[in-house]
Amino acid sequence: MMNAKIPTGPLKDKWTNHKDHVNLVNPANKRNIDIIVVGTGLAGASAAASLGEMGYKVKAFCFQDSPRRAHSIAAQGGINAAKNYQNDGDSVFRLFYDTIKGGDYRSREANVYRLAEVSGDIIDQCVAQGVPFAREYGGLLDNRSFGGVQVSRTFYAKGQTGQQLLLGAYSALSRQIAKGNVAMYNRHEMLELVMIDGKARGIIARDLVTGAIERHSAHAVVLCTGGYGNAFYLSTNAMASNVSAAWKAHRNGALFANPCFTQIHPTCIPVSGEFQSKLTLMSESLRNDGRIWVPKNLEDAKAIREGKLKPKDISEENRDYYLERRYPAFGNLVPRDVASRAAKERCDAGHGVNKTGEAVYLDFAFAFERYGATEAKLRGELNPSKERIIELGREIVADKYGNLFQMYEKITDDNPYYTPMMIYPAVHYTMGGLWVDYNLMTNVQGLYACGEANFSDHGANRLGASALMQGLADGYFVLPYTIGDYLASDIRTGTIKTDQPAFDEAENNVRDRINKLMAAKGTNTVDFYHRKLGKVMWDKCGMARNESGLKEAMNEIREIREEFWRDVKIPGTADSMNPELDKAGRVADFMELGELMCLDALGRNESCGGHFREEYQTHEGEALRDDDNFAYVAAWQYTGDPGKAKLNKENLYFENVELKQRSYK
Amino acid sequence: MSNLFKIFNSSTGQKVIMALTGLFLCVFLVVHLMGNLQLFKHDDGFAFNHYSQFMTGNPLIKIVSYITYFAILYHAFKGLIMTMNNRKARPVKYQVDGGWANSHWTSRNMGILGTVLLVFIVIHMIDFWYEFKFGNLPTKKYIQYDIGGELKNMEFSGEKFQARVKASLGQINDFTTLEYKDLYKEVYATFDKWWYVLLYTISMFAVAFHLWHGFKSAFQSLGISHPAWNKTIKLVGYGFAVIVPLGFALIPLIIFFS
Amino acid sequence: MNLTLKIWRQKSPDDKGGMVTYPMKDVESHMSFLEMLDVLNNDLITKGEEPVAFDHDCREGICGTCSMVINGRPHGPDSAITTCQLHMRKFNDGDTIHIEPFRAKSFPVLKDLTVDRGAFERIMQAGGFISVNTSGNTIDANTIPIRKDHADMAFDAATCIGCGACVAACKNSSAMLFVSAKVSQLALLPQGHTERTERVLKMVHQMDAEGFGTCSNTGACAAECPKEISLDNIARLNREYLRASFVSGE
C-alpha cells in the first residue's frame, strides 16, 4: 500500500537523477490534460501557476474571495534558503541537517534533502517575480537568523514575508488566469473527492455564494489545503482554515500521516476571555531581544494575577528567567517545542501572570538598556542618564520590531515599550498531513498533496522559516516535475466526463450530508461544538499528553460528535450563501480528525518534537525519544470509524545523519 | 492618435488634463489680478482701459484667450461630468458619512465649489466681458504724451487736462490721442452696489477653497511628487489660495468703501 | 457596556436591503469588534434568526478579507488597522454603531456586509505581475543589486492587503490607491521595468472598465488604509501613466 518511491543512489544525486528519468508529457498532450488544484496558498498558487504555465489545463479552487487571502499570507518571520550569502558556512547539507534534527528525526532524508536543494531556486524565483525582500545598503539581499540554527539563512521582508511570497505566487497565478491557462474558482469549497477505478478523477465543490453543488473532473487532483490547527478551535490559523479537503481524501482511502504532530508556537498573545475567536502570533524573532520570565515566588505571581502587583514591582532576584536557567546554551532561543513546554510547566506550577494564569513575560527592558548604551556611545553622548539610555534603546527596538509592538498594543491595550509583553504558547502549524511518496502523490493514484497539507518534510517539529520554503518548493519545483510522471500514462484518456456514476454517487454523498446538517435543527450553534472540541484537544492532546487523558479525549470527542449531528442548529438554507453551513461542514470533519489525532498520540509511546508524552521524559523533564521503536511514519487508514483507523508504518532510514538526542542545555 | 485618445480619455488621462487646465487657469488668475490692480492707478483709468483693450485686441492674446475659454469650459464641464460619474460609482450611499475623519472638506466638494465658480464666471462675463465686447460702453479719450523722454497718459478732457496742458506747453516732445471703451467707469459703477460686492466676495471664497485643494491636487495628478518638494508645493498652494482670491476680493471692497 | 447596533441587512445581490437595529448588552471592552459580532450572531442563531453575514478570515490584519464601514469609516474609528484588529475599547457605553458594507458599484453586495471584490482580481490579472516563468532557471537573486531605499519603497507599496478600504473611503469609489500600490512596487524594482509601460496602461484601463470612479486626490484612501499605503504611490502611477502615454508603442 505504501511505497515511498525514494530514488536510489547517493542522497545528493537522488533528485537530479529522478528528474532526469521521470516520464514527460509533450506540450501538445498537456493541453488535453486537466488538473484540479484545491487551495491557493503558497503551495497551491505556485503549483497552479507552474502547471498552467507548462500547458496543462488547470482549475484552481479556494474558499476565500481571492487566492491572495490564503493564510500563508500571515507568516511573519522569513524563508530559509541555503544561499550562503553571509559566508557563514551554510550549505545544502547544513540546511538539510538542521531540518532533520529540528524535526527530531521523524522525517524522510530524501525529501528533506531535496527541499534544501531547491531552496536557493525559490529565492531566485521570488526576486525575479518582484518580491521585495529586505536588502542591505549595498543593494544585496539581507538575512537574519532564526531559532535552532547557527547560520543566517533566513530571507525576509520585514514581518510580512509570507504576505510578500504569497503575493508573488498570486501574481504568477493571476498571469496564468489572464492567459486562460488557469480557471479560478473563488469562494468554492471542495466537499468530496471523486474516485473512478481507484484513481482521483475530480471533486464535488460547493459555490459558497449561490450554494450550488458543482462537479469538476480532472486527470489529477492536487490538494494544497493547508494544516488542521483549527481542530483546537483557538489557534493562529485563519478562522476558516480547515481539514475538510484532506479529510475527504482520507475517507476515500488516502493515508493520514502523523496527525498528532502539531506545533505549539511559544510566542502568542494569551487568551483574554471566553469570547476569544482567534490567537495572534508574535514573531519568533522577538526572542532574539526579549527575556522570558515569571515571578519566582508563588505569592508574587498570585498578586500579579489579582492586579495587586505590577511586573516592575518584582525585583531582579525574585524573577525566574526559566529558559536561561534550564537551557544556558541556547537560553531564550531554544526551539519552539522546548520553549512552549517550559512556559506551560511554569504556568502549571502556578507562576503564570495574567488573569487566567496562562501567560509569561517577554521583557525588553534589558534590550532597551543594551541598545541604548551602544547608541549613546555612537552618538557621542557622554554619561547619559539611565532614562536617556532607555529612551534611545526604545528607538532602536522600535526600528527592529515597531510593527509587532504596535500590533501587540492594538490587541492588548498594553504598551510593550513600558511594560513587558505577556505571551503564551498557541497552536500554530501541523507537521502531520496526508501521506505522500517522493513524488508528492498520496497512496491514491492521481491524488497529490503539497505544502502543509502533506506530512513530508518537518518530522515532529518544524523549524522557523521552513514552512514558506516547503510550500513554494512543492508548488514551484517539485510537483511540476513529478506530476508528469503519472500523467504521461493518461494522455489517451481524454476528457473525464462528469455524468459518470462515480460523480452521481459523490454528489449524492455531499447532498445527503448537507441535508443531514440542515435537518438537525437542534439547539446549539456550530461554534458551541467547535469550542467544546477545542477544549478537549487543547487540554488532552495539546502541549503535553498522557495515556489516560488521550483515552478520555477520544471518548469525549465521540460524544461531542454524536451530540453535534443530533443537536446542531444551522440557520438559513443550503441553496444560498450560508457561512454557518460552511463552518458546520468543517467542524464536523475536525471532530473526526480530532479523534484520529488522539489515537495517533496514544500509539506513539515516546516524546518527540511537538509530541510530548508525559510518561516519556527524562528526570529533568526533557522529551525522551525512542528511536528503536518509533522511527517510523504513522500513516492511518480510514476504516469507517476514526477511532479504529488502521496503522501503516513507514520506517524511516537515516543513512546520512546520526540520530542524537536533541540538547539545548 | 486613437491610442492617444484612449490614454487621455482614461480616468488618469482625464485627471492630467484637468490638472493642466487647472494650472493654466491659475496662471490666468495671476494675469487677471495684475490687470485688475490697474484699477488703483491714479491715471483716470487709462492703464485699466488700455489693458482691457489690449486683452481683447492683440492677436497673440486672442489665441491665449481662446485657450483660456477652452480651459474654463473643459475644466468646468469635464469636472462636472466626472463628478456625476463618480457619484454613479456608488449607487447606494452610506447611511453615515465619515468623510470628515479622513479628508478635507474642500477636497470632497470640488464639484460644488466649481459649480459656484462657473455660475460666477457666467455672471461676471455677462457683466463685464459681454458688456465690453457687445454692449454700448461709452468710450473715453486719452492723450499720451512724451515728456522729457517719459510717456505719460491723461484723460483728454476736463479741467485737469487743460491745466496740465497749459503748464506743460513746450516741454512735450510728442503726443497722440487714444480712445478706449471706458470699462473703468463701468467697474466703479458696478462695485457701488452692495449686493454685487457681496456676490463677488462670496465667490472669491469659493475660489480660495477650490484652490486650497486644487493647486496641490494638480501637481499630484501630474505625478509631481517628491518628499523634498511636496511640502513646498503644498505651502505655495495654500499661499496662492489665500493671496490671489484676497486680491480679487479686495478690489470691489475697496471701491465700495472708498 | 451596552450598545445599539444598526446593521445593513441584505438577503441577496438583488435585494434592496436596509438598516436593522440590534441592541447589544454586556459587551466587554477587551473583545474585538468581530468577536462582538460573533456574540450577536450566536444570539441571532439561538433566536432562530439568520446571522449577519460578514467576510473575515485571518483576524490578525493581514489577509484583507474583513470589510466593513463602521460609523462611516472603513475598518472603523482607529488608524492603521483592519476591522478585525478593532477592539471594543474604542467605543463607549450607550454608543450607537452603524455597520455597513464597503459600498461601490464595482463591489456589489452579495449578502449583508459581504461584498464581491472580483474587480480587484481582474485588475491584477490585467497586469499586476512580472512575466517570468516559474522554471527556477532565473538568474541568481543577488545578480541585480537594488538600491535599499527603492527596495524599501517597493516593500511599503507591496504591503497592500487588497481589502478595498481605499475604494470604500473614497467619495468617488476610486481604486487608485490599490492599483498604484502594485504599479509602484513593480515600477520601483528593476525586474519590473521591462513591462512598466504596458502594465500601467493595462491596469488603469481595466480599473476604468470595472466602473471605479476617478481619483480627486482627497487623500481619504491613504488616511483609512490599514497598511498606510502612501499617496506618493498615486503620484507615481500618474507619472508612470504619463510616461507610458509618450513611450507606448501601440
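Lettering of chains follows the sequences in order, A, B, ..., and the numbering in each one begins at 1.
- When each of His205(C), Met207(C), Glu240(C) is scored by its heavy-atom pairs under 4.5 Å with chain B, the top score falls to His205(C).
- Heavy-atom contacts from other residues, nucleotides or ligands closer than 6.0 Å to CE of Met34(B) number 12 or fewer.
- Residue Tyr130(B) qualifies as open at atom OH: its count of foreign heavy atoms under 6.0 Å is 12 or below.
- Heavy atoms from other residues, nucleotides or ligands lying under 6.0 Å from NZ of Lys234(B) number 12 at most.
- For the set Pro77(C), Gly211(C), Cys215(C), Ser174(C), the entry with the most heavy-atom pairs within less than 4.5 Å of chain B is Cys215(C).
- When every heavy atom of Lys171(C) is checked against every heavy atom of Arg108(B), the shortest pair comes out as CE-O, 3.1 Å.
- With hydrogens and angles ignored, the 3.5 Å screen pairs a side-chain donor or acceptor of Asn86(B) with a backbone N or O of Thr214(C).
- Using a 4.5 Å cut-off on side-chain heavy atoms (C-beta onward), Leu237(C) and Thr12(B) make contact.
- Of the inter-residue distances, the one linking Met176(C) atom CE with Ser221(B) atom OG reads 7.5 Å to the nearest 0.5 angstrom.
- Contacts of Asp97(B) with chain C are made by backbone atoms alone, with heavy-atom separations under 4.5 Å and no side-chain atom involved.
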Verdict with reasoning, Lys105(C) to Arg90(B), per side chain to side chain contact (heavy atoms under 4.5 Å, CB included): CA-CA 5 Å; Lys105(C) 189 175 80 183; Arg90(B) 178 166 295 139; over 6 Å; no
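- Contact record, Gln220(B) with Asn217(C): CG-OD1, 3.3 Å, taken as the closest heavy-atom pair.
- Within a 6.0 Å radius of NZ in Lys78(B), more than 12 heavy atoms belonging to other residues, nucleotides or ligands are found.
- At a threshold of 4.5 Å between non-hydrogen side-chain atoms, the residues Tyr94(B) and Asn71(C) do not count as touching.
- Contact between Tyr241(C) and Gly13(B) at its shortest, heavy atoms only, is CE2-N, 3.8 Å.
- Contact annotation for Arg103(C): both backbone and side-chain heavy atoms come within less than 4.5 Å of a heavy atom of chain B.
- In terms of heavy-atom proximity, Ser11(B) sits nearest to Asp208(C) at OG-OD1, 2.6 Å.
- Counting non-hydrogen atoms of other residues, nucleotides and ligands closer than 6.0 Å to NZ of Lys148(C) gives a total above 12.
- Contact annotation for Leu231(C): both backbone and side-chain heavy atoms come within less than 4.5 Å of a heavy atom of chain B.
- Between Val16(B) and Leu242(C), the closest side-chain pair of non-hydrogen atoms falls below 4.5 Å.
- Shown here is Arg87(B), whose CZ atom has no more than 12 heavy atoms of other residues, nucleotides or ligands within 6.0 Å.
- No more than 12 heavy atoms of other residues, nucleotides or ligands sit less than 6.0 Å from atom CH2 of Trp229(B).
- Across Ser79(C), Ala222(C), Cys170(C), the residue that shares the most heavy-atom pairs under 4.5 angstrom with chain B is Cys170(C).
- Residue contact with chain B, scored on non-hydrogen atoms closer than 4.5 Å, involves the backbone and the side chain of Ala168(C) alike.
- With hydrogens and angles disregarded, no donor-acceptor distance shorter than 3.5 Å links the side chain of Arg73(C) to the backbone of Asn102(B).
- Heavy-atom distances place the backbone of Lys93(B), and not its side chain, under 4.5 Å from chain C.
- Considering every non-hydrogen atom in both Ser225(B) and Ala235(C), the closest pair reads CB-CB, 3.3 Å.
- Surrounding CZ of Phe205(B) are at most 12 heavy atoms belonging to other residues, nucleotides or ligands under 6.0 Å away.
- At a threshold of 4.5 Å between non-hydrogen side-chain atoms, the residues Ser216(C) and Met82(B) do not count as touching.
- Contact detail for Ser173(C) and Ala89(B): the closest heavy-atom pair is OG-O, 3.4 Å.
- Contacts between Pro101(C) and chain B at a heavy-atom distance below 4.5 Å involve the backbone alone (N, CA, C, O).
- When Gly99(B), Ser107(B), Ala19(B) are compared by the number of non-hydrogen pairs under 4.5 Å with chain C, Ser107(B) comes out ahead.
- For Cys221(C), no part lies near chain B; criterion is any non-hydrogen pair under 4.5 Å.
- Here the straight-line distance linking atom CG of Asn85(B) with atom CG of Asn172(C) works out to 10.5 Å at 0.5 Å rounding.
- Proximity to chain C (any heavy atom under 4.5 Å) is shown, for Val92(B), by both the backbone and the side chain.
- The main-chain N or O of Val96(B) is found under 3.5 Å from a side-chain atom of Glu100(C) such that the two form a donor-acceptor pair.
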